[in-house]
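Proteins get letters first, then strands, A, B, ... in listed order; numbering begins at 1 in each. A quick note: this is a predicted structure, and the numbers were derived from the prediction, not measured. FYI, side chains are in, hydrogens and waters are out, and symmetry mates aren't considered; it's all heavy atoms of this structure.
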Number of protein chains: 2
Amino acid sequence: MSTTPVHLALSVDRTSPVPLYFQLALQLEQAIETGRLEPGSLLGNEIELAARLGLSRPTVRQAIGSLVDKGLLVRRRGVGTQVVHSQVKRPLELTSLYDDLLAAGQQPATRVLSSATGTAPAAVAAALGVAPQAEVVTVVRLRSAHAEPIARMVNHLPVGLLDLPADALEATGLYRLMRAAGITLHSARQSVGARAATAAEAELLGEAVGAPLLTMERVTFDDRGRAVEYGSHVYRASRYSFAFQLLVRP
Amino acid sequence: MSTTPVHLALSVDRTSPVPLYFQLALQLEQAIETGRLEPGSLLGNEIELAARLGLSRPTVRQAIGSLVDKGLLVRRRGVGTQVVHSQVKRPLELTSLYDDLLAAGQQPATRVLSSATGTAPAAVAAALGVAPQAEVVTVVRLRSAHAEPIARMVNHLPVGLLDLPADALEATGLYRLMRAAGITLHSARQSVGARAATAAEAELLGEAVGAPLLTMERVTFDDRGRAVEYGSHVYRASRYSFAFQLLVRP
DNA sequence: GTCAAGTGTTTGTCCTGACATTATGACCTT
DNA sequence: AAGGTCATAATGTCAGGACAAACACTTGAC
């Protein structure tokens, strides 16, 4: 059911400092998001596309390639490049609970339960890749939405990486603070499980003792591969679940 | 603490049908995995590397670029390319419980509880992107390891996509069967949560009623963007948790 | 002594050109 | 009519070159 190639209005601005391949990728992505490029439709061959835009084929390929990596396009040799034919849209992202709640239209609120500097327990030091007795900052927060508790979050950070005033932590999310401090988050190792609530957790979160909790442990790395944060969080399973988009790399 | 560029023994075989950039990427990846390329070490500049291997710079860049995408390397303009400086190694993968258990050295066993064809419930049809009353195959399996139950898995697949004989399902994993049938898995939308076990689930899995269970719902897409599987699984939280590696895309 | 300007190195972007590989459909043969 | 063969069209791979931009370091001025 392959249709004929779509004729899109595309153009690039050579005076802009934005790379040409990136301009093209943005326009194509937008055309896909808005539905101007329908799922399953062919993109037209790379050489002709390059000629139409006054670009070279490698540049066009770079633009298309980035969208293929995101899972928006599919290339098939001998056939052409077509828009992926499904509801798959958003690429995988390193999610932060704060941004998740904001995106869901909720109003996240945070209470800092404690914040202290001390020597790292062995497990934390190992996860962060610091010396066994190194100093780390430990922050415990309670995150709520609509005045209902959602999660208890325990975070450990290497000392000196970042100032964490309590008022800033109560006003926004940890990831936002890190980004604002010039730290570029790059990847995270995450483990998700479940267990029954202890008495203290039940009390804090407003659940019954033994209620199912969703647990997450995460080590986050910046673009140089330094571990910048180790988090150990518990969520009320009745109020929260994780959504991921996984991409397989060939 | 940037060290001097490492001089690695690298070579490519031009008679091989394996692309040159891929050969190089494999060798570099292996050198990183085995530690011959230490974290933080510089790779040596691209032009010199290309000259040493008798390749062009774009080819070398393509190899390095693929490893940067995987999060194994970091490029810094004016500095060079260095091995990521952490224990982050494995890229994100679409995990299958069967392969997970195998990798953990366990012996996965499967019992097919039921397998039938029928019209899809609305929620399943919507997830798979098929017509509301379309026919789907529904398979319910119990997965165990070391004679202990681990998970109950319910899967729905479009009719005609794949033959699913019970003996094949008991001998291997669903993803392996799909791959063997020529289906290239590409991405998945996944949602992970937790809840308390119902009486039936507790009985089947050997847990107490109300015990915490880890739940996962997943829609898997192939390389053409077709939804090929919708799964709704529950895991004993005491025996299983998910591990992910998330990468942030710039 | 400190800060600013300049210089060199390295990756980032972009170009042109060529050939290989593969999927599709038309054509021809049986 | 059914099947295999071949041309065509598209992406996949690779080469070699050129200039731009960013970073680290040195040099110079104050």
Ignoring the backbone of [X], work out which of [options] is nearest its side chain.
{"X": "A/Arg14", "options": "D/dC14, C/dC14, D/dT11", "answer": "C/dC14"}
{"X": "A/Tyr21", "options": "D/dA15, C/dC14, C/dG12", "answer": "C/dC14"}
{"X": "B/Asn45", "options": "C/dT16, C/dT10, C/dT24", "answer": "C/dT10"}
{"X": "B/Pro58", "options": "D/dG16, C/dT13, D/dA24", "answer": "D/dG16"}

Mind calculating the distance between [atom1] ([X]) and [atom2] ([N]) to the nearest angstrom?
{"X": "A/Leu20", "N": "C/dT16", "atom1": "CG", "atom2": "C1'", "result": "16 Å"}
{"X": "B/Glu46", "N": "D/dG17", "atom1": "CD", "atom2": "P", "result": "16 Å"}
{"X": "A/Phe22", "N": "D/dA20", "atom1": "CZ", "atom2": "P", "result": "22 Å"}
{"X": "B/Leu49", "N": "C/dT10", "atom1": "CG", "atom2": "P", "result": "12 Å"}
{"X": "B/Leu43", "N": "C/dT9", "atom1": "CG", "atom2": "C1'", "result": "16 Å"}
{"X": "B/Glu48", "N": "C/dG8", "atom1": "CD", "atom2": "P", "result": "20 Å"}
{"X": "A/Ile47", "N": "D/dT11", "atom1": "CD1", "atom2": "P", "result": "8 Å"}
{"X": "B/Arg75", "N": "D/dC23", "atom1": "CZ", "atom2": "C1'", "result": "16 Å"}

_Which residues share a side-chain hydrogen bond (donor to acceptor under 3.5 Å, both in side chains) with B/Asp222, sequence neighbours left out_ =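 So B/Asp222 forms a side-chain hydrogen bond (donor to acceptor under 3.5 Å, both in side chains) with B/Arg226.
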
side-chain N/O [X] vs [N] OP1/OP2, d < 4.0 Å:
{"X": "B/Thr59", "N": "D/dT13", "result": "no"}
{"X": "A/Thr81", "N": "D/dT11", "result": "yes"}
{"X": "A/Arg61", "N": "D/dG12", "result": "yes"}

Among all residues two or more places apart in sequence or in another chain, which pass the side chain to side chain contact (heavy atoms under 4.5 Å, CB included) test with [X]?
{"X": "B/Gln62", "result": "B/Tyr21"}
{"X": "B/Leu26", "result": "B/Phe22"}
{"X": "A/Arg75", "result": "A/Glu46, A/Arg61, A/Ile64, A/Val68, A/Thr81"}

Can you give me the N/O atom pairs linking the protein to nucleotides 19-22 of chain C at distances under 3.5 Å, or say none if there are none?
{"residue": "C/dT21", "atom": "O4'", "partner": "A/Arg77", "partner atom": "NH1", "Å": "3.3"}
{"residue": "C/dT21", "atom": "O3'", "partner": "A/Arg77", "partner atom": "NH1", "Å": "3.1"}

*Any side-chain heavy-atom pair from A/Val228 and A/Phe221 closer than 4.5 angstrom?*
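Contact flag for A/Val228/A/Phe221 side chains = no.
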
*Heavy atoms only: give me the nearest A/Glu38-A/Val83 pair and the separation to one decimal.*
O-CB, 3.5 Å

Show me the side-chain donor-acceptor pairs of residues 156-172 of chain B shorter than 3.5 Å, one per line, residues at least two apart or across chains.
{"residue": "B/His156", "atom": "ND1", "partner": "B/Thr138", "partner atom": "OG1", "Å": "2.9"}
{"residue": "B/Glu170", "atom": "OE2", "partner": "B/Val112", "partner atom": "N", "Å": "2.7"}

_Students often get this wrong, so: under 4.0 angstrom with heavy atoms, is B/Gly54 touching a base, only sugar-phosphate, or nothing?_
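Sugar-phosphate: the residue B/Gly54, judged by heavy atoms under 4.0 Å, touches backbone atoms but no base.
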
